[in-house]
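Values reported hereafter were calculated over all heavy atoms of this structure, with side chains retained and with hydrogens, waters and symmetry mates removed. Both ligands and their constituent atoms are indexed starting at 1 by order of listing.
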Amino acid sequence: MLKTFSCAAVFAAATLALSAQSAPSFDKDAKVFRLDGGNTSYVFGVNPRGELQQLYWGGRLAAGDQVPAAVPLREAASFDSSYTTTPEEYAGWGSGLFVEPALKVTFANGNRDLVLHYESHQATPNGLDVVLKDIKSYIFVTLHYEMDPTSGILARWATIENREPQPVTLEQAAAAAWALPPAHYSLNYLTGRWAGEWTLTQETLHPGERVIESRRGSTGHQANPWFAIQAGEPSEDHGEVWFGALAWSGSWRITVAQDQLDAIRVTGGFNPFDFGYVLHPGQSLVTPIFYGGYSAHGLGGASRMLHHFEISHVLPHRVGEGDQAAPKPRPVIYNSWEATEFNVTEAGQIALAEKAAALGVDRFVMDDGWFGQRKDDHAGLGDWYVNTQKFPHGLKPLIDRVHALGMDFGLWVEPEMVNPDSDLYRKHPEWVLNFPGRPRSEQRNQLVLNLARPDVRAYILAFLDKLLTENDIAFLKWDYNRNWSEPGWDQLPPAEQKKVYVEFTRNLYQIFAELKKRHPKVELESCSGGGGRVDLGILKYADEVWPSDNTDPFDRLTQQDGFTYAYTPQIMMAWVTDSPHWLNKRNTSLSYRMLSSMQGSLGIGANIAKWSDEEAATAKRLIAAYHQVQPTIVQGDLYRLIAPRNGSEFSATQTVNRDKSQSVVFAFIHSTQEGRTFPRLKLQGLDPAAQYALTPIEGSATKDTPATASGAWWMNHGLDLGEDFRGDFQAAAFRLDKK
Ligand code: GLA
């Protein structure tokens, strides 16, 4: 039987301002909210039961279009009740809901029924807040909506507030739920493992639920909090795509469900696994942001939109306003890790710095090994003082030399970790995540400090602040080399300890933010044994990320391809390392390695002390060429002309800068087979009427290729690399400049 609960909510009389293009509107007769931005409209309404029901998400509707009022889906069968099939914006677990709830709670009196109905709404400076309330109790949920006027990317998150006189425990708290009507869809998401991150996984959506998640306390290598759903089969250039990215670096979960009526619901937020957040009277919990966007131009269009949004709205250190804002392209770095591992010394690092400067490197980064009793990975983490055997006069002589060579200086740290063999652990064994009396499982011989604890947060902030105050450091590579185990927080009563899943990550963000405030010029890299902590939450603070410990240039092509579905090449650090590569024992030319890395933010991580003059000259020439076109590569529109996936013999990418005055093309051959020539590359995104001059960066086009031709020529006729471009692990790169 249908419940006949009438909507007790009082509607705010005023229609929200419709002034700016993307200002949300409210049709008070139909009780329909609408947000427009870019080429996207997002619409939801209050249905007669009082639920907030999703009505439309897709291509932009015309200004005068009226979306009909929300009507709950009819009861298809007593087993398929309207409560579970009606797509709610933020459903509480109660009243016969079987799909993923956005919010599930247990009240102090044992009640677990939560039915959220519309209460009120108000305009905010950048969007709209809609308040929901449980039909009986004083649990309030404010849904926040902010739509970017340029891209139509919608930021959604929720604040859950307990105004009851007793505590409630939140067992599941999503940031948002997204809905799509029944159709044939394919799902794209990113999976991986250490040294094998960023595999684009593509599959047809079937009935049931696909869970993409991390239970590890951090983002994880195994899955990344991003999805893209395409109408029909996956396509790079065509068709409708709905995508989303969750801004959270702790345990997270995104579920993509196709229900019994074939409708799609995507719910994402804190991972409910082992979750339990106690809200005392008057307390509230703010969820992470779940961004969602729509593109009518396939997966390529979706990723270009997301890249630009990240550059202009998410990343720190942006210069400029609004849609024009952007961070500086990353300095070309040298990093010592693969050259020296833990064996860093003042003389050795200075020798590398001299070589690096001669190549045209901008930033010299000393990696692991400089602190405490750090000879290998068994000791030292936690003791963040300079090892005086390796650096008898502190870091100053090295930093001064690096500066004198015209570079700035960066340093590796791993602040959240401790080796049991360290002064810190001997002094504070109680600081690590643990359950008293239970084993403390080590990974890489280290334990995780419980950053949720105020004393641990204070310790980490203090030592980093001291390090940055006492030394002229421009950059920290912030590493995180294991996942959680035994995540107890025994300072708190047992019922409250699971708060660790939220407070740990919040404190991490707080430290990043505080360091940036105290040391505004310092830049940060998020590394977690490679790409284990990459998400839009950390990217509010981190200037760049380390996508993978796997620096094999061939493996990197597929990793970089996968990475860029969710993240901009601006943050995608890519080092050139030695050949044969330590992981795959693969031999590749320096030119191939350079071009593979030049698709992202270039770095050198090889043992350059051993490079020949010829190798140094090649690297110097290509670093100089890269410097000239870097903004186009890392902040331009990226077109995947040929994907390196699925055993492809070839791959190619192209980037075009925003004003279409420059384009850069990269082409790679895995292994030529049966004498096949490289496919003609039909370029994209150029101005058809403009003239573009073609300049090889590495390799050459066929002899009859025009030196200058129209955008129409390059896009319709295309670029031929010719008969000579054949072999194993070959690479070529070109730039096109508007005349
Ligand atoms: C992690 C990082 C590497 C390097 C080592 C140092 O594995 O991903 O780049 O910094 O730690 O121990």
A student checking ligand 1 against Cys527 at a 4.0 Å heavy-atom cut-off should list atoms 2 (C), 8 (O)

Just to check, does Glu525 reach to within less than 4.0 Å of ligand 1 when the distance is taken from its heavy atoms?
no

Arg444 N/O to ligand 1 N/O under 3.5 Å: yes

Is it the case that Arg556 places NZ or CZ above or below the six-membered ring of Trp546, under 6.0 angstrom from the centre and within 45 degrees of the axis? yes

Check whether the ring centres of Phe512 and Trp478 lie less than 6.0 Å apart, and answer yes or no.
yes

- prompt: How about Tyr459 and Trp431: are their ring centroids closer than 6.0 Å?
  reply: yes

| said: Is it true that, when you exclude Lys540 itself, more than 12 heavy atoms of the residues, nucleotides or ligands shown sit nearer than 6.0 Å to its NZ? | reply: no

Quiz prompt | Student check: side-chain heavy atoms of Pro644 and Phe668 closer than 4.5 Å | solution = no

query: Quick one: does Glu341 get within less than 4.0 Å of ligand 1, heavy atoms only?
result: no

> Purely on distance, is any nitrogen or oxygen of Gly530 under 3.5 Å from one on ligand 1?
Replying inline: yes

Atoms of ligand 1 under 4.0 Å from any heavy atom of Asp549, numbered from 1 in the order shown, are 1 (C), 2 (C), 3 (C), 7 (O), 8 (O), 9 (O)

**Prompt:** Do NZ/NE/NH1/NH2 and the carboxylate oxygens of Arg453 and Glu503 come within less than 4.0 Å?
**Reply:** no

*Quick check: does Trp575 get an N/O under 3.5 Å from an N/O on ligand 1?*
no

Ligand 1 to Trp546, heavy atom cutoff 4.0 Å, flagged ligand atoms 8 (O), 9 (O)

task = Give a yes-or-no answer on whether the side chains of Glu213 and Trp252 include a donor-acceptor pair shorter than 3.5 Å.
result = no

Out of Thr551, Asp367, Asp377, Asp376, the nearest non-hydrogen contact to atom 10 (O) of ligand 1 is supplied by Asp367

The answer for which part of Glu414 has a heavy atom under 4.0 Å from ligand 1 is neither

ask   = Quick one: does Asp368 get an N or O within less than 3.5 Å of an N or O on ligand 1?
value = yes

Counting heavy atoms under 4.0 Å, the part of Asn481 that contacts ligand 1 is side chain

Item to complete: May I ask you to say whether Asp561 pairs ionically with Arg640, meaning some side-chain N is under 4.0 Å from a carboxylate O?
Response: yes

Among non-hydrogen protein atoms, atom 9 (O) of ligand 1 lies closest to Lys477 NZ, 2.7 Å

Checking heavy atoms under 4.0 Å, the part of Asp479 that sits near ligand 1 is side chain

Notebook entry, point to check: Using the ring of each side chain (for Trp, its six-membered ring), is Phe371 parallel, tilted or perpendicular to Trp412, with breaks at 30° and 60°?
Noted result: parallel

